[in-house]
Amino acid sequence: MNHWYQKSLLRLVEHSRDDVIALLDLAAKLKADNKAGQETAYLNKKKIVLIFEKSSTRTRCAFESASFDQGAQCTYLGPGRSQLGDKESVADTAKVLGRFYDAIQYRGFAQRTVDELAEHAGVPVYNGLTDDFHPTQMLADLLTMREHCNKDFHDMRFAYLGDARNNMGNSLLLTGALMGMDVRIAAPKALQPDAAVVKKAHELAEESRARILITDRAISAVQDCDFIHTDTWLSMGEDKASWGKRVELLMPYRVNVELMVLCGNRDVKFMHCLPAFHDRNTPTGELFFQEHGLNGIEVAREVFNSSHSLVFDQAENRMHTIKALMVATLCEKVQNCETDKSL
Ligand code: CP
Ligand code: NVA
């Protein structure tokens, strides 16, 4: 049975651990077939609309490139390029687009917008990032961790360091809890996840036997970890005037060589959803170097460029997992997406 058929992806945790694993299995199969030049196109004549109220490189291109491979067509509606939010409500937009398209991707600000789109569209809605969650990124991160660690999810240990009440912090905490992993979140008190997210994580952990640590001590969080994740210290939509305060709060959580060594696992891997400030090749990265004499903000250049870094494998997996998501939600009878193979 294909659980995903006609379902939306809003937070990820509305789906079960087994259903997520089935989707990762499909992504792995589509990835292997693609690399072997033997991909089956499941999405001929399907149409997907991509609404972006924030910028994107990976997410937009993953949807477009995966659609191309699968025979589907996309329409891109960039920031300020539709009536949504100004002259037309979310519900009306959803009802209209649901009549034109087979699925809707939305990237924007409030989680309630993507929830409302899903409520009214009548077709699957994919959350391509909100202020609170980034579930398509979670699919890529899980596939990447599975590819680079010879353990079941339950036995994997990962830490996330930095702004832990942003979309990546919330999503990694809940995803790790759903999958039964050993999850460590390290952030200053002011940037730790909201109580409601922590409560949800503990509820999921009761079922999955996940272990959850939320701490302000980076060193405790990374002990014996298989993976160390971080993200930008200032997310899209946040006031650039907050940079100074963020740097002050988050400097102890910067992923540098010392921290990678202190974790105690010589094979530890570094992960980042990207884009990352990891050198002087951006205006913000250069300014940080001028002010602090350091190459890379949330991650040191030496870590980002090291053999421990999985960031480009992770980015590539955005495409394979988004492809699997579209195939599973739009093609009922796709193979390799059975939650229970005996059914
Ligand atoms: N990781 C991620 O979502 O990248 P984009 O912002 O480029 O889509
Ligand atoms: N937290 C980041 C993630 C970017 C993919 C942001 O929202 O800007």
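None of these values were measured; they are calculated from a predicted model. Atoms within each ligand, like the ligands themselves, are counted from 1 in listed order.
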Please list, in number order, the atoms of ligand 2 under 4.0 Å from a heavy atom of [X].
| X | result |
| --- | --- |
| S235 | 1 (N), 2 (C), 6 (C), 7 (O), 8 (O) |
| N167 | 1 (N), 2 (C), 3 (C), 6 (C), 7 (O) |
| L129 | 3 (C), 4 (C), 5 (C), 7 (O) |
| N166 | 1 (N) |

What is the distance from atom CZ of R11 to atom CG of N170, rounded to the nearest 0.5 Å?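 Here the interatomic distance stands at 10.5 Å.
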For atom 8 (O) of ligand 2, grab the closest protein heavy atom and report residue, atom and distance to one decimal in Å.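 Sorting protein heavy atoms by distance from atom 8 (O) of ligand 2 puts M236 N, 2.8 Å first.
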Going by distance only, is there an N or O of [X] that falls short of 3.5 Å from an N or O of ligand 2?
| X | answer |
| --- | --- |
| L234 | no |
| R107 | no |
| T232 | no |
| D231 | yes |

Residue E14 excluded, over 12 heavy atoms near CD under 6.0 Å: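 Buried by this count: over 12 neighbours within 6.0 Å.
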Show the numbers, then the answer: is there a side-chain hydrogen bond (donor to acceptor under 3.5 Å, both in side chains) between E39 and Q70? CA-CA 8 Å; E39 184 169 342; Q70 282 290 318; 2.7 Å; yes
Looking only at heavy atoms, is any part of L274 under 4.0 Å from ligand 2, and if so is it the side chain, the backbone, or both, or is it neither?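 For L274, only backbone atoms sit under 4.0 Å from ligand 2.
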Per-residue contact class, D131 against ligand 2 - non-hydrogen pairs under 4.0 Å: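 The answer is neither; D131 stays 4.0 Å or more away.
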V299 vs F270, test: side-chain contact (heavy atoms from CB on, under 4.5 Å). Steps then yes/no. CA-CA 9 Å; V299 54; F270 171 72; 3.4 Å; yes
Answer yes or no for [X]: is there a heavy-atom contact with ligand 1 below 4.0 Å?
| X | value |
| --- | --- |
| R60 | no |
| K54 | no |
| L274 | yes |

What I want to check is whether the side chains of E206 and H202 have a donor and an acceptor closer together than 3.5 Å.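 Judged by distance alone, the side chains do not pair up.
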Examine ligand 2 and decide if any of its atoms is less than 4.0 Å from a heavy atom belonging to T59.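 Heavy atoms of T59 never come under 4.0 Å of ligand 2.
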If you group Ile, Leu, Val, Met, Phe, Trp and Tyr by side-chain heavy-atom gaps below 4.5 Å, do L161 and F158 land in one group?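 No, L161 does not connect to F158 through the hydrophobic network.
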R60 charged N/C atom sitting above Y76 aromatic ring, 6.0 Å / 45°: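 Cation-pi check for R60 and Y76: passes.
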Do we get K54 above F109's six-membered ring, with its NZ or CZ under 6.0 Å from the centre and within 45° of the axis?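 Yes, K54 sits over the ring of F109.
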Sub-4.0 Å atoms of ligand 1 with respect to non-hydrogen atoms of T57: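 Reading through ligand 1 atom by atom, the close ones are 5 (P), 7 (O), 8 (O).
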For C273, take its heavy atoms, then give the atoms of ligand 1 lying under 4.0 Å from any of them.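 Counting atoms of ligand 1 from 1, those under 4.0 Å from C273 are 1 (N).
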Closest to atom 3 (O) of ligand 1 (judged by heavy-atom distance), picking from M168, H134, R58: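 Of the listed residues, H134 has the closest heavy atom.
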From the options I322, L23, V334, N2, select the one residue that forms a side chain to side chain contact (heavy atoms under 4.5 Å, CB included) with V327.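 Single side chain to side chain contact (heavy atoms under 4.5 Å, CB included) partner of V327 among I322, L23, V334, N2: V334.
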Please determine which of E298, R254, H292 meets the side chain to side chain contact (heavy atoms under 4.5 Å, CB included) test together with V247.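 With V247 as partner, E298, R254, H292 yield a single side chain to side chain contact (heavy atoms under 4.5 Å, CB included), made by H292.
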Quick check: does any side chain N or O of R107 sit under 3.5 Å from a backbone N or O of G128, one acting as donor and the other as acceptor?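 Flag set: sc R107 to bb G128 pair under 3.5 Å.
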